Amino acid sequence: MPSEDFETFDFVVNDEDEVMLLLYERDGEPNQPAFKINPAEHAALLRRNDNDIIELTDIGQDIFDSLAEADKLLVCELSRTENDDETEIANAYEAEIID
């Protein structure tokens with residue numbers, strides 16, 4: 001699998017309108033993670049720790065609508081494997097949502 005494929009992300013919204021961010025695992029541990037949203041630009045920044053800030057772009061308005069009343073975002077980092085059937089959750093944590 002090409003390395004750029006590991007830079008992809010996706011959002012999942014459950015029946016209770018709770019949002020979860022899925023992305024591939026990153027180096028280092030999350031430390032005081034925060035999710036700064038920019039609905040006007042359809043973008044956000046995920047700050048995992050002091051050394052790892054991820055820019056997310058082309059986020060749908062429906063995701064921002066679901067996040068409107070939330071104060072935290074669940075983030076799941078998936079293991080990097082060549083075989084999708086072997087993918088596991090490497091890290092799961094909550095990030096504070098910042099407007």
Side-chain angles (χ1 to χ4, degrees):
M1 182 178 296
S3 64
E4 62 267 9
D5 289 346
F6 290 121
E7 299 302 316
T8 62
F9 66 91
D10 199 4
F11 289 94
V12 177
V13 180
N14 68 14
D15 292 339
E16 286 81 37
D17 210 29
E18 298 168 324
V19 181
M20 177 174 53
L21 171 62
L22 300 171
L23 66 153
Y24 285 101
E25 69 182 315
R26 313 277 292 194
D27 290 334
E29 293 294 317
N31 182 20
Q32 297 180 331
F35 191 68
K36 182 168 178 55
I37 59 173
N38 184 345
E41 298 291 325
H42 297 280
L45 293 175
L46 173 63
R47 181 198 166 281
R48 289 184 71 249
N49 56 45
D50 290 337
N51 300 315
D52 194 7
I53 298 174
I54 306 162
E55 182 177 11
L56 307 173
T57 58
D58 298 322
I59 300 170
Q61 185 59 45
D62 58 323
I63 299 302
F64 291 110
D65 292 345
S66 293
L67 290 172
E69 299 299 319
D71 57 351
K72 295 193 185 279
L73 170 71
L74 178 60
V75 180
C76 288
E77 297 182 9
L78 306 175
S79 60
R80 296 177 184 232
T81 61
E82 295 296 321
N83 183 345
D84 288 342
D85 293 335
E86 297 174 2
T87 301
E88 297 177 347
I89 295 175
N91 284 311
Y93 51 92
E94 289 183 332
E96 179 183 1
I97 296 175
I98 303 169
D99 293 331

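Everything numeric in this text was worked out from a predicted model, so none of it was measured.
Between Arg48 and Gly28, the shortest heavy-atom distance links the atoms NH2-O, 2.9 Å. Nearest heavy-atom pair, Leu73 versus Val19, reported as atom, atom and distance to 0.1 Å: CD1-O, 3.4 Å. The minimum heavy-atom distance between Arg26 and Glu77, with the atom names listed, is N-OE1, 3.4 Å. Nearest heavy-atom pair, Ile37 versus Pro39, reported as atom, atom and distance to 0.1 Å: C-CD, 3.7 Å.
The salt bridge (Lys or Arg N to Asp or Glu O under 4.0 Å) check on Asp50 picks up Arg47, with sequence neighbours excluded. Under the rule for a side-chain contact (heavy atoms from CB on, under 4.5 Å), Asp10 has no partner lying at least two apart in sequence or in another chain. Residues that satisfy the side-chain contact (heavy atoms from CB on, under 4.5 Å) test with Ala68, not counting sequence neighbours, are absent from this structure. For the side-chain contact (heavy atoms from CB on, under 4.5 Å) test, residues two or more places apart in sequence or in another chain that qualify with Glu88 are Ser79. The side-chain contact (heavy atoms from CB on, under 4.5 Å) search around Leu56 returns Phe9, Phe11, Leu21, Phe35, Ile54, Ile59, not counting sequence neighbours. The side chain to side chain donor-acceptor pair (under 3.5 Å) test applied to Gln61 returns Asp65, not counting sequence neighbours. Under the side chain to side chain donor-acceptor pair (under 3.5 Å) criterion, Glu18 pairs with Asn14, not counting sequence neighbours. In this structure Asp17 satisfies the salt bridge (Lys or Arg N to Asp or Glu O under 4.0 Å) test with no other residue, sequence neighbours excluded.
With rounding to the nearest 0.5 angstrom, the CD1 atom of Ile89 is 6.5 Å from the CG atom of Leu78. Distance check: Asp71 CG to Ile98 CD1 gives 11.5 Å after rounding to the nearest 0.5 Å. To the nearest 0.5 Å, atom CG of residue Asn49 and atom CG of residue Asp27 are 10.0 Å apart.
Here Met20 sits in one hydrophobic cluster together with Val12, Leu22, Leu74; the rule is ILVMFWY side chains under 4.5 Å apart, joined directly or through other members. Within the hydrophobic cluster formed by Ile, Leu, Val, Met, Phe, Trp and Tyr side chains joined at under 4.5 Å, directly or through other members, Ile53 is accompanied by Leu45.
Among residues at least two apart or in separate chains, there is no side-chain hydrogen bond (donor to acceptor under 3.5 Å, both in side chains) pair with a member in residues 33-46.
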